[in-house]
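Quick notes on the structure that follows.
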Amino acid sequence: MPPRGWWNSRWFCVLLVLATTIPLLAPSIPPFTDLPGHMGRYRVELADPASPLRTLYYDFQWRFLANLGVDLAIVPMAGLFGLELGLKLIVIAIPAMIAFAILWIAREAHGRVPPTALFALPLAYGFPLIWGFLNFSFSMALALNAFALWLRLGRIGRFRLRAALFLPIGLLLTVAHVFGWAALCLLCYAAEVVRARDDGRGFLASLVRGGIACLALAPPLLLLLLWRSGDGNAKVVTGDFFFWRAKYVYIVSALRTHWMAYDIAAIYLLWGLIAFGLAGVWLRMNRTLGIASLMLMIAYALLPRVLLNSAYADMRLAPYVMMVAVIALTLRSSARRQAAVVALIATALFGARLYMLTSSFAAHDRANRAQLAALDHIRPGSRVFVEVALQCLGRWETTRMDHLGSMAIVRRSAFVNGQWADPGAQLLSIRYAPAKGYAEDPTQILRPYGCRAAKAKTYPKGLNELPHDAFDYVWLIDMDRKKMNSFPGLTPIWIGKSGGILYRVEHGSHSSLAEHPPAVEREQQDRGNAPDGHLNRPVG
C-alpha cells in the first residue's frame with residue numbers, strides 16, 4: 001500500500017478536483033470545437049414545437065439513440081439556469097468527474113492514492129473533450145466513476161448489491177453514449193478476470209468467470225439491437241480499420257491543446273512512466289488496472305476510425321488507454337520522502353497544465369466574442385448562411401470556430417447551415433427545403449484548398465452560387481480582411497475588427513422573405529416593435 005501523505009489526504013484530493021474546473025470558469029462558451037453546434041441542436045430541442053424554429057427550419061423527434069447524454073441532461077439544467085449557463089455547468093462537471101474518478105479508482109486499486117496517480121490528472125482534458133465530443137466525454141466520466149464503484153463493491157464483497165446497481169447503471173451509460181457502456185464492460189471484465197485468477201482459478205476458467213460476473217452489464221445489448229433495427233432505412237457506415245499512422249498520431253495528440261512541444265512531451269513522459277512500470281524499474285503496475293488498460297489498448301487497436309457513422313471512434317479512446325495505465329502505477333519503494341517528491345512533481349505538472357488551459361481558453365473566448373458581435377446585427381428568426389475560415393486539421397491548434405455560426409440558432413432563433421443531420425445518429429433533421437445543398441455540415445467549413453472536405457463549399461464560388469431567396473444574411477466568420485470580396489446582392493453591414501464580415505442579402509420584389517418575413521419578425525411588427533433600424537445600416 002502507498003504511504004500516507006498530503007497527496008492522498010481528503011482535503012488535497014478535493015482541491016485537485018475543484019482545481020480541474022478553473023480553465024472553464026471564465027469563458028462564456030466553453031471553447032470546444034463542436035460545442036456550439038451541439039448547443040444549436042439543444043436550442044431546437046428546447047424550442048416551442050409551434051415556433052418557426054421547429055415548424056419552418058428544423059425538426060426534432062425524440063427516439064432512442066445510444067448517444068443522448070447531454071441532450072437529456074440539458075433539459076432540467078436549461079430549465080434551472082438557461083441553455084448557455086446550464087450547458088456550461090454540465091461541461092465544467094465533465095473534467096471534474098474524470099479527475100474524481102482517477103483518484104477514486106487509484107484509491108480502490110492501491111488502498112491509498114499513490115503519488116504517481118496525479119500524473120493522470122491532465123488527461124481529464126483529453127483531446128476528445130477539447131474537440132467537443134460532449135455525449136462521449138459525459139458518458140466516459142460516468143463510466144470511470146462507475147468502474148470505481150464496481151471495484152469498491154467487489155473489494156468489500158457486496159456482489160449482489162453490485163449486480164442490482166449495475167443493471168440500471170449499464171442502461172444509463174448506454175443511453176448517455178454507447179462508448180461509456182462498452183468501456184465499462186471492458187474495465188469490469190478485466191477486474192473480474194484478475195479476481196478469479198487471484199482466487200486460484202485457471203486461465204480459461206477465469207475468462208469464463210469474469211464474463212459471468214459481468215452479466216449485470218449485458219441488458220443494454222437489447223437496447224442496441226432495437227436502436228440499429230430501428231434505423232433500417234438509414235445508411236450505416238463503419239470502416240477505415242488499422243490505420244496505424246493515424247492511431248499513433250491520436251495517441252500523441254491525447255493532450256493536444258495549445259503548445260505542441262509541451263503537449264507531446266507530456267505524453268512521452270506518461271509513456272515513459274508506463275514503460276518503467278511494465279519493466280518493474282522504480283515503479284510497479286497494479287495487475288487489475290494493468291489488465292484493464294491492456295483491454296482498452298486492444299480495443300483501441302481494433303476500432304475503426306468510423307464506427308456506426310461516428311467519426312474518430314478510435315481517437316476518442318486514446319486518452320483513456322493512457323489514463324488507466326498511469327493510474328495502475330505505484331512506487332516500488334514505500335519511502336514517504338520519495339513519494340512526496342513525486343507528488344510535488346506531478347502536482348506542479350498538473351498546475352502547469354491548468355495554467356496553459358486557462359490561458360488558451362481565455363484567448364479562444366476573446367476570439368469567439370469578437371466574431372459573435374455580428375449577432376447583434378441579425379434579426380431574430382432570420383436565415384443565415386455561414387462560412388468559417390479555418391486552418392487545416394493538421395495544425396496542432398485551430399481556432400475551433402467550426403460550428404460557431406450555430407450560436408445564431410441559440411441567440412437569434414435563426415436558421416443556420418452546418419447542423420449534423422444523420423438520421424441514424426441525430427434527433428435533429430433539417431426541414432428548410434430552399435437551403436438544400438447549402439444546409440448541412442460541412443457546408444459551413446472553409447479550409448485551404450489542399451485539406452478541404454469533398455462536400456465543403458468553396459470561397460468565393462460558394463457565395464456566387466448561393467440561392468439568395470433562401471437566406472437573409474451571409475456571415476463569414478473569422479474571414480481575413482484581405483480576402484473579403486464584394487458580391488452582387490450582398491451588402492456588408494458588419495465587419496469585425498479582427499476579421500469576419502456579415503452581409504445582408506438584398507431581396508428583389510419576388511423574394512420569399514419580402515412576402516413571408518420570419519415569424520419572429522412578424523410577431524414584433526404586429527406588436528409595433530419592429531427590429532431596430534441600425535440593423536439596416538452598413539458598418540464600416
Side-chain angles (χ1 to χ4, degrees), residues 34-75 78 83 87 132-136 175-178 223-224 226-238 306-311 381-386 402-445 453-457 467 469-472 512 516 518-520:
D34 284 356
L35 184 142
H38 294 307
M39 199 182 300
R41 182 175 73 252
Y42 305 149
R43 171 57 69 205
V44 176
E45 168 191 334
L46 297 168
D48 183 344
S51 69
L53 203 57
R54 293 279 288 269
T55 59
L56 298 178
Y57 297 150
Y58 302 101
D59 186 30
F60 189 93
Q61 298 292 333
W62 284 106
R63 64 184 185 281
F64 172 71
L65 299 176
N67 181 18
L68 294 177
V70 182
D71 294 72
L72 291 171
I74 194 60
V75 176
L83 172 56
L87 181 61
F133 295 141
L134 295 188
N135 287 340
F136 166 81
V175 171
H177 196 286
V178 64
L223 277 180
L224 297 178
L226 290 173
W227 173 35
R228 299 323 306 181
S229 62
D231 290 323
N233 296 325
K235 183 180 179 181
V236 178
V237 177
T238 294
V306 180
L307 178 64
L308 301 177
N309 295 347
S310 292
S382 301
R383 306 159 300 173
V384 185
F385 180 73
V386 170
D402 307 39
H403 295 276
L404 190 63
S406 288
M407 291 305 297
I409 304 176
V410 176
R411 296 182 178 177
R412 309 304 282 169
S413 296
F415 172 82
V416 180
N417 62 304
Q419 277 292 311
W420 304 279
D422 179 2
Q426 302 292 337
L427 300 176
L428 179 144
S429 59
I430 297 173
R431 286 182 181 271
Y432 187 53
K436 185 175 177 60
Y438 288 80
E440 302 86 358
D441 175 78
T443 58
Q444 83 284 10
I445 300 296
K455 296 182 180 180
K457 298 300 179 183
D469 284 354
F471 294 97
D472 307 312
S512 60
H516 305 288
V520 174

Hey, mind stepping through Phe415 and Leu56 against side-chain contact (heavy atoms from CB on, under 4.5 Å) and telling me if it holds?
CA-CA 9 Å; Phe415 172 82; Leu56 298 178; over 6 Å; no
Main chain of [Y], side chain of [X]: is a donor-acceptor contact present, judged purely on distance under 3.5 Å?
X      : Y      : value
Arg54  : Asp48  : no
Asp472 : Ser382 : no
His38  : Gly132 : yes
Asn135 : Asn67  : yes

With a 4.5 Å heavy-atom cut-off, do Asp59 and Gln61 have their side chains touching?
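With C-beta onward as the side chain, the pair touches.
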So do the side chains of Ile430 and Glu440 get within less than 4.5 Å of each other, counting heavy atoms only?
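Ile430 reaches Glu440 side chain to side chain.
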Test log, rule side-chain contact (heavy atoms from CB on, under 4.5 Å), inputs Met407 and Met39
CA-CA 7 Å; Met407 291 305 297; Met39 199 182 300; 3.8 Å; yes
List the atom of [X], the atom of [Y], and the distance in Å for their closest heavy-atom pair.
X      : Y      : result
Val384 : Ala414 : CG2-CB, 4.1 Å
Asp469 : Arg383 : O-NH1, 3.1 Å
Arg63  : Leu68  : O-CD1, 3.7 Å
Ala470 : Pro434 : CB-O, 3.4 Å
Arg43  : Val410 : NE-O, 3.2 Å
Tyr57  : Ser413 : CE1-O, 4.4 Å

Given Tyr58, Trp420, Tyr42, the one that forms side chain to side chain contact (heavy atoms under 4.5 Å, CB included) with Leu428:
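Going through the options one by one, the only one that passes is Tyr58.
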Tyr438 vs Phe471 aromatic rings, parallel, tilted or perpendicular, using cut-offs 30° and 60°?
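Answer is perpendicular, since the angle exceeds 60°.
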[atom1]-[atom2] distance between [X] and [Y], expressed to the nearest 0.5 angstrom:
X      : Y      : atom1 : atom2 : result
Lys436 : Thr443 : NZ    : OG1   : 12.0 Å
Glu45  : Leu53  : CD    : CG    : 12.0 Å
Lys457 : Phe385 : NZ    : CZ    : 6.5 Å

Under 6.0 Å between the ring centres of Phe64 and Trp62?
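Between Phe64 and Trp62, the centre distance exceeds or equals 6.0 Å.
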